[in-house]
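Proteins come first, then strands; the chains are lettered A, B, ... in the order of their sequence lines, and each starts at number 1.
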Amino acid sequence: MSNTTAVLEAKGLGVEFGGLKAVSQFDISIGDGELVGLIGPNGAGKTTVFNLLTGVYQPTEGKFFMNGEIMNGKPTHLVVHSGIARTFQNIRLFKNMTVLDNVKIAFNRKMKYGLASAVFRTGSFWKEENEIDEKARELLKLFHLEELADTKAGNLPYGKQRKLEITRALATDMKVLLLDEPAAGMNPTETAELLESINMIREKFRISILLIEHDMSLVMKICERIIVLNYGQILASGTPEQIANNPDVITAYLGKA
Amino acid sequence: MPKARKIDYIINLAGVIVLFFLLMFIFDTELLGRVRSYIQGIVIIAMISIVMVCSLNLITGFMGEFSLGHAGFMSIGAYSSAVVTMALENAGIILPDLLLFLIAIVIGGIITALMGVLVGIPALRLRGDYLAIVTIAFAEIIRVAFTNFQITGGGKTLSGIPKLSDYHYVYVITAISVCVMYMYVRSRFGRCVRAIREDYIAASASGINVTYYKVMTFTVSAFFAGVSGAMYAHYITSLIPTKFSFNYSAEFLTMVILGGTGSLTGSVVGAAVLSALPEALRSFQAYRMLIYSVVLVLVMIFKPSGLFGSYEFSLPGVLRTLTGRKKGGAKDE
C-alpha cells in the first residue's frame, strides 16, 4: 500500500507521564480502506496509542492528522466528528439504555433541533427523531441486532455487546475505526462472527481499520500490514509474513533463548 | 407528529385539567370548612416542592451528579423575583396580579439560569464528590451574600413581598414546568445526558460534547429551581436567608431519592408525599420525625432505586393496562 492516500497519519507521536515515556516516536499512516494491525506484548503502549489518536491524551511530542487536518489539541468529541471512532478493550456501552438508544447517541451530532423544538415537539423534532430512529434500526439490521433494539444493552451476551459497540462507532460516520482487542474473551464462534462483521463493514462502508489484537491467527488472517510495538516504540512493521519471520518480534514475544 | 402520540398527549392534558378542576372544587367550595386555608397551604408548598424536586432530579437522576446546594438556586429565584416585584410596587406601577406573577416567575427563572451557567461551567469539570462539595459551597456563598446585601434585607427578614401565588397560578406553572422538564428529558438532550451518566468516556467517544450537555442540563435545572423560588417568595411573602440552608437542600434530595432517581413521576410523588407527611403526622407530634425517618430507611432498604425507579406515569398507558390493551408504546411516555 502506498501512502499517497493516507487518511490517518501520525508523525513522531508520543506521550510522557511524569517523565515516563509511555509512547514515543510513533509513526503510522493508514490508507483509505486499509486494515492495519497493532500488536505487542502487554504494557507495550497499544491502548495509549489509541488514547492519543482519539484525543483522550494530548500528545507531548509529534503530531497526527486526519485527512491532512491536524488533530493535536482537539477534545475527543471533535476528533470523533472529524472521523476517528473507537471501541474499548473493556466494552463501554450505555448499559442501562436500550440497544437502539446506544446507537442513537452516536447520531446525535447529526441532529440539529434546539431546546424550544424539543419542548414544543415541533415538526423538526419529529422529523429528525424519526429519521434517526430509522437510520439506527437500519444499522442494527446489518449486525443482526434489530430484534434486540429494545433490550437493555447491559443484558446482551458478550459477543453482541462487542457488535453493538462497533455499530455505535459506525453511527458516528467515521472514516477510521480503532478496534481495541475486539476478540478478547470471545469463543471461536463469536470470533468468527466478529471476523465476518469486520469484513462486512469494510466492504459496505469503505473505512480504514486500526486493530489491536492478541489473537494472532485473527491478526495474521485479516491485517494487510502489522505494526509491532514494544516498550512504547515501534519494533517492526510490515506484512504479516515479514512480521511472523522477524527475529526481533519473536524475541519480544517469546523472550531470548 | 405520530397520531397515536398526539392522542396520548391530549389524554394526559385532559388529566391535568381534570385535576385542576378537582382542586378548584375542593378549595373554592365550603367542602373543607375551617381547615381549607391550612390544606391549601400544604398543597401550594407541595407544588412548589414538586418543581424544585423535578429540577433537582434532572441533575441527580438523569445526569447522575449530586447537587447539594439546590436551595441556593431556589433562593436566587426567590430573592431576585421578590426584589423586582417589590421595586415595581414601590414605583407605584400597578399591574394585574397575573402579570406581576408571570414577571416574577420569568425573572426568577432567568436570573437563576444565568447563575446556573456561571456556576456550571467551572463546577461541571468536576465529578461526583468534588462537584457535591462545590455545590454546597456555592449555596453557602449565596446565603452569606443575601445576608449581607442591603437590597435583600441585609440579614433581616425581607418582608412585604406581594402575595401573588394563589393555587390556580401555582398549579398551572407547576404543570407547565413538569411538562417542559419531561419534554427535555425525552429528547436528544435527555438522551445525551443519560449517556453521560452511564459512561462519560463512551459518550465523548461517540461524539458527545460532555461539558456542553452537562452545563445545559444544569442550567435548565437552575431555571426551574428559580421558578420554584419565585413562587415560594410570593407565597410566603417574607424571606430569610437561613431558610435556604444545607438542610433545605438535603430535604429536596431526600424527596428525589425517595421518589426515584431518573423518574419525574417519582419526583412529583416524592415531593407531594414528603411535603404532606410531616403535616399528616402532626397528631403523633412526638414521633413524627421518627416515623419520617423510618419511612425513608424502609424505602432505601426495600426499594433502593426509589419508589418509582425510572418508571414514568402516563394516563393513556394506565388506561391501556386497565383495559387490557397494553401496547409497547406505553413505556416511553
Task: Minimum heavy-atom distance B:Ala202-A:Arg92, with the two atoms named - done: CB-O, 3.6 Å
Task: Among A:Val79, A:Ile132, A:Ile105, residue most engaged with chain B (heavy-atom pairs, under 4.5 Å) - done: A:Ile105
TODO: Verify the neighbour count for atom NZ of B:Lys303: are there more than 12 heavy atoms of other residues, nucleotides or ligands below 6.0 Å?
DONE: yes
Task: Nearest atoms (heavy-atom pairs only) where B:Asp199 meets A:Phe94 - done: O-CE2, 3.5 Å
Task: chain B contacts, top residue of A:Thr54, A:Thr172, A:Asp101, A:Asn130 (heavy-atom pairs, under 4.5 Å) - done: A:Asp101
- [ ] Would you name the heavy atoms of A:Ala118 and B:Met183 that are closest together and state the gap between them?
- [x] O-CB, 3.6 Å
TODO: Please state whether the rings of A:Trp126 and B:Tyr9 are parallel, tilted or perpendicular, taking 30° and 60° as the class boundaries.
DONE: tilted
Open item on the list: For A:Phe88 versus B:Ala205, what's the shortest heavy-atom pair and its separation?
Closed with: CZ-CB, 3.7 Å
Task: Option in B:Gly190, B:Ser187, B:Ala203, B:Cys179 with maximal non-hydrogen atom pairs under 4.5 Å from chain A - done: B:Ser187
Open item on the list: Within a 6.0 Å radius of atom NZ on A:Lys110, are there more than 12 heavy atoms belonging to other residues, nucleotides or ligands?
Closed with: yes
Open item on the list: If we define contacts as heavy-atom pairs under 4.5 Å, which of A:Asn108, A:Thr122, A:Leu78, A:Ile84 has the most with chain B?
Closed with: A:Asn108
TODO: Please look at A:Ala169 and chain B and tell me whether the side chain, the backbone, both or neither of the residue comes under 4.5 angstrom of a heavy atom of that chain.
DONE: neither
Open item on the list: Looking at every non-hydrogen atom in both residues, tell me the closest pair between A:Asn96 and B:Glu198 and how far apart they are.
Closed with: N-OE1, 2.8 Å
Task: Under 4.5 Å from a heavy atom of chain B, the part of A:Tyr113 involved - done: both
- [ ] Rounded to the nearest 0.5 Å, what's the gap from OG on B:Ser206 to CD on A:Glu165? Could you check?
- [x] 8.5 Å
- [ ] State whether B:Arg191 and A:Glu129 are salt-bridged, where the test is any N-O pair (Lys NZ or Arg NE/NH1/NH2 against Asp/Glu carboxylate O) under 4.0 Å.
- [x] yes
TODO: Side chain from CB out, backbone as N, CA, C, O: work out which of these in A:Leu115 comes under 4.5 Å of a heavy atom of chain B, or both, or neither.
DONE: both
Task: Spacing of A:His77 atom NE2 and B:Tyr213 atom OH [to the nearest 0.5 Å] - done: 9.5 Å
Open item on the list: Heavy-atom count check: over 12 atoms from other residues, nucleotides or ligands less than 6.0 Å from A:Tyr158 OH?
Closed with: yes
TODO: Starting at OG1 of A:Thr76, measure out to CD1 of B:Ile208 and round the result to the nearest 0.5 Å.
DONE: 12.5 Å
TODO: Count the heavy atoms of every other residue, nucleotide or ligand shown that sit under 6.0 Å from OH of B:Tyr130, and state whether that count exceeds 12.
DONE: no
Open item on the list: Can you tell me how far apart CZ (B:Arg188) and CZ (A:Phe107) are? Round to the nearest 0.5 Å.
Closed with: 14.5 Å
Open item on the list: Please determine whether side chain to side chain contact (heavy atoms under 4.5 Å, CB included) holds for the pair B:Arg186 and A:Arg121, giving the CA-CA distance in whole Å, both sets of side-chain angles, and the decisive distance to 0.1 Å.
Closed with: CA-CA 10 Å; B:Arg186 298 289 162 144; A:Arg121 292 292 195 254; 3.4 Å; yes
Open item on the list: Quick check on B:Met216 against chain A: is it the side chain, the backbone, both or neither that has a heavy atom closer than 4.5 Å?
Closed with: side chain
